[in-house]
Amino acid sequence: MAVKKYKPTTPGQRNKVISAFDEITCKTPEKSLLQPIRKSGGRNNQGKMTMRYIGGGHKRMYRIIDFLRTKDNMAAEVMTIEYDPNRSARIALVKYEDGEKRYIIAPNGLKVGQTIMSGAGVAPEVGNTLPLAEIPLGTLVHNIELRPGQGAAMARSAGTYAQLAAREGNHAILRLPSGETRMVLVTCRATVGVVSNPDHNLESHGKAGRVRHLGRRPRNRGVVMNPVDHPMGGGEGRASGGHPRSRKGLPAKGYKTRNPKATSNKFIIERRKK
């Protein structure tokens with residue numbers, strides 16, 4: 001998995017760095033696993049803009065991803081590795097022994113023709129999904145459940161992983177990509193390996209137009225607005241804006257917004273590093 005840097009033949013190509021797509025083996029998605037995406041443009045059911053900077057973008061179809069991996073102890077062959085416009089990671093089309101096809105998030109190193117499995121008693125190999133109770137300590141995992149049967153919730157984006165550090169009683173201790181250390185029930189499932197497309201963070205769009213294709217509209221800074229629009233707006237000349245805060249007046253840059261009474265606090269051993 002590598003990135004491709006373009007020669008500066010045009011202003012847009014000058015800073016453009018994109019994925020080389022070397023690992024992609026198929027360009028047409030599985031039709032039975034597609035569903036349409038309805039775009040809102042950041043508007044609610046009254047047509048009022050409730051989220052700014054959303055709109056446009058290229059038309060997409062959603063790929064239905066199997067985050068549960070419930071077909072236990074049944075081998076599945078990897079058919080293709082595909083690009084998914086809805087996420088940063090690559091996806092893999094797998095075909096089970098009974099003929100059913102499903103999409104999964106492709107781990108790094110997964111190849112076409114490889115066999116993967118899920119369930120208790122499965123070997124802890126790349127692409128296999130099994131309970132945290134059966135995964136060896138020190139293993140890198142992704143697609144981690146927070147509650148048994150909920151489906152994968154953590155470490156799903158490109159290049160991310162968590163490390164299984166220890167087990168204490170009914171809980172496994174995971175070191176997450178953010179640096180946070182937290183407890184998860186050992187009955188929760190995780191997939192062995194690192195999420196594919198680890199070079200995603202090296203990509204650069206190169207021009208504003210590519211960001212518009214992703215459905216993101218131009219974003220204004222608060223300091224260039226008027227006082228009626230933002231707490232940091234107004235002032236004579238180029239004013240710095242005073243104390244950094246959000247449009248609603250909530251302080252930024254160091255102000256803790258996490259609820260001290262959040263129920264998940266008891267599972268967090270060490271908070272993420274700044």
Side-chain angles (χ1 to χ4, degrees), residues 15 36-60 62 65 67 84-89 142-147 150-160 162 174-184 195 200-274:
N15 299 307
I37 295 178
R38 186 170 174 273
K39 292 182 179 176
S40 67
R43 272 76 174 170
N44 64 6
N45 59 357
Q46 298 173 329
K48 294 181 179 177
M49 187 187 286
T50 53
M51 287 294 292
R52 297 177 294 164
Y53 322 123
I54 295 175
H58 199 284
K59 191 174 183 181
R60 301 173 180 174
Y62 182 73
I65 309 290
F67 288 115
D84 188 351
N86 306 300
R87 61 192 74 251
S88 55
H142 65 281
N143 279 11
I144 306 152
E145 290 183 327
L146 280 172
R147 288 189 293 274
Q150 178 196 22
M154 292 191 295
R156 296 180 356 178
S157 62
T160 56
L174 291 168
R175 197 169 292 113
L176 301 180
S178 61
E180 179 177 296
T181 306
R182 67 166 293 150
M183 295 189 294
V184 179
V195 183
H200 176 70
N201 64 328
L202 303 175
E203 292 181 24
S204 173
H205 297 305
K207 62 178 183 178
R210 288 198 77 224
V211 183
R212 295 302 298 264
H213 293 323
L214 296 173
R216 299 179 200 149
R217 295 186 64 236
R219 186 173 184 129
N220 274 23
R221 294 171 298 134
V223 289
V224 300
M225 297 181 188
N226 293 321
V228 69
D229 300 315
H230 202 281
M232 292 163 64
E236 295 293 326
R238 288 192 174 181
S240 62
H243 299 294
R245 54 190 68 243
S246 72
R247 195 178 192 190
K248 301 289 185 186
L250 204 65
K253 299 187 178 179
Y255 180 74
K256 287 183 171 59
T257 57
R258 184 177 171 83
N259 183 3
K261 296 179 183 176
T263 52
S264 58
N265 280 349
K266 58 187 175 184
F267 298 113
I268 298 171
I269 298 169
E270 187 182 349
R271 291 291 295 152
R272 63 187 175 89
K273 297 170 179 64
K274 288 185 180 179

Steps toward side-chain contact (heavy atoms from CB on, under 4.5 Å) verdict (Ile269, Met183): CA-CA 7 Å; Ile269 298 169; Met183 295 189 294; 3.7 Å; yes
Intermediate values then yes/no, side-chain contact (heavy atoms from CB on, under 4.5 Å), His205 and His213: CA-CA 10 Å; His205 297 305; His213 293 323; over 6 Å; no
Stepwise side-chain contact (heavy atoms from CB on, under 4.5 Å) test for Thr160 and His142: CA-CA 7 Å; Thr160 56; His142 65 281; 5.5 Å; no
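Counting non-hydrogen atoms of other residues, nucleotides and ligands closer than 6.0 Å to OH of Tyr255 gives a total of 12 or fewer.
Contacts of Gln150 classified as side-chain hydrogen bond (donor to acceptor under 3.5 Å, both in side chains), with partners at least two apart in sequence or in another chain: none. Listed by chain and number, the residues in a ring-ring contact (aromatic ring centres under 6.0 Å, His included) with Phe267 are His171 (sequence neighbours excluded).
At distances below 3.5 Å, not a single donor-acceptor pair connects side-chain atoms of Thr181 with backbone N or O atoms of Glu270. Judged by distance alone, with hydrogens and angles left aside, the side-chain atoms of Asn44 form a donor-acceptor pair with the main-chain N or O of Gly47 at under 3.5 Å. Between the Asn259 side chain and the Lys261 main chain, a donor and an acceptor come within less than 3.5 Å of each other. A distance-only check finds a donor-acceptor pair linking the side chain of Arg43 to the backbone of Gly41 [under 3.5 Å].
In this structure the side chain of Arg87 reaches within 4.5 angstrom of the side chain of Ile65, judged on heavy atoms. The shortest distance between side-chain heavy atoms of Asn265 and Arg258 falls below 4.5 Å. Arg221 places none of its side-chain heavy atoms less than 4.5 Å from the side chain of Met232. Inter-residue side-chain proximity for His243 and Pro231 is flagged as unmet; no heavy-atom pair is nearer than 4.5 Å. No side-chain heavy atom of Ile54 sits less than 4.5 Å from a side-chain heavy atom of Arg217. Considering only heavy atoms from C-beta on, Arg272 stays 4.5 Å or farther from Arg182 through its side chain.
Minimum heavy-atom separation, Met154 to Val184: CE-CG2, 4.0 Å. The minimum heavy-atom distance between Val195 and Ala89, with the atom names listed, is CG1-CB, 3.4 Å. A pairwise comparison of heavy atoms in Val223 and Gly241 identifies CG1-CA, 3.8 Å as the closest pair. Of all heavy-atom pairs spanning Gly234 and Ala239, the tightest one is O-CB, 3.8 Å.
Because its NZ or CZ atom is both nearer than 6.0 Å to the ring centre of Phe67 and within 45° of the ring axis, Arg156 counts as a cation-pi partner of that residue.
Between atom CZ of residue Arg60 and atom NZ of residue Lys39 there is a gap of 6.0 Å, rounded to the nearest 0.5 Å. For the atom pair His200 NE2 and Ser157 OG, the distance stands at 8.0 Å (nearest 0.5 Å). One finds the CZ atom of Arg271 at 4.5 Å from the CD1 atom of Ile268 (value rounded to the nearest 0.5 Å).
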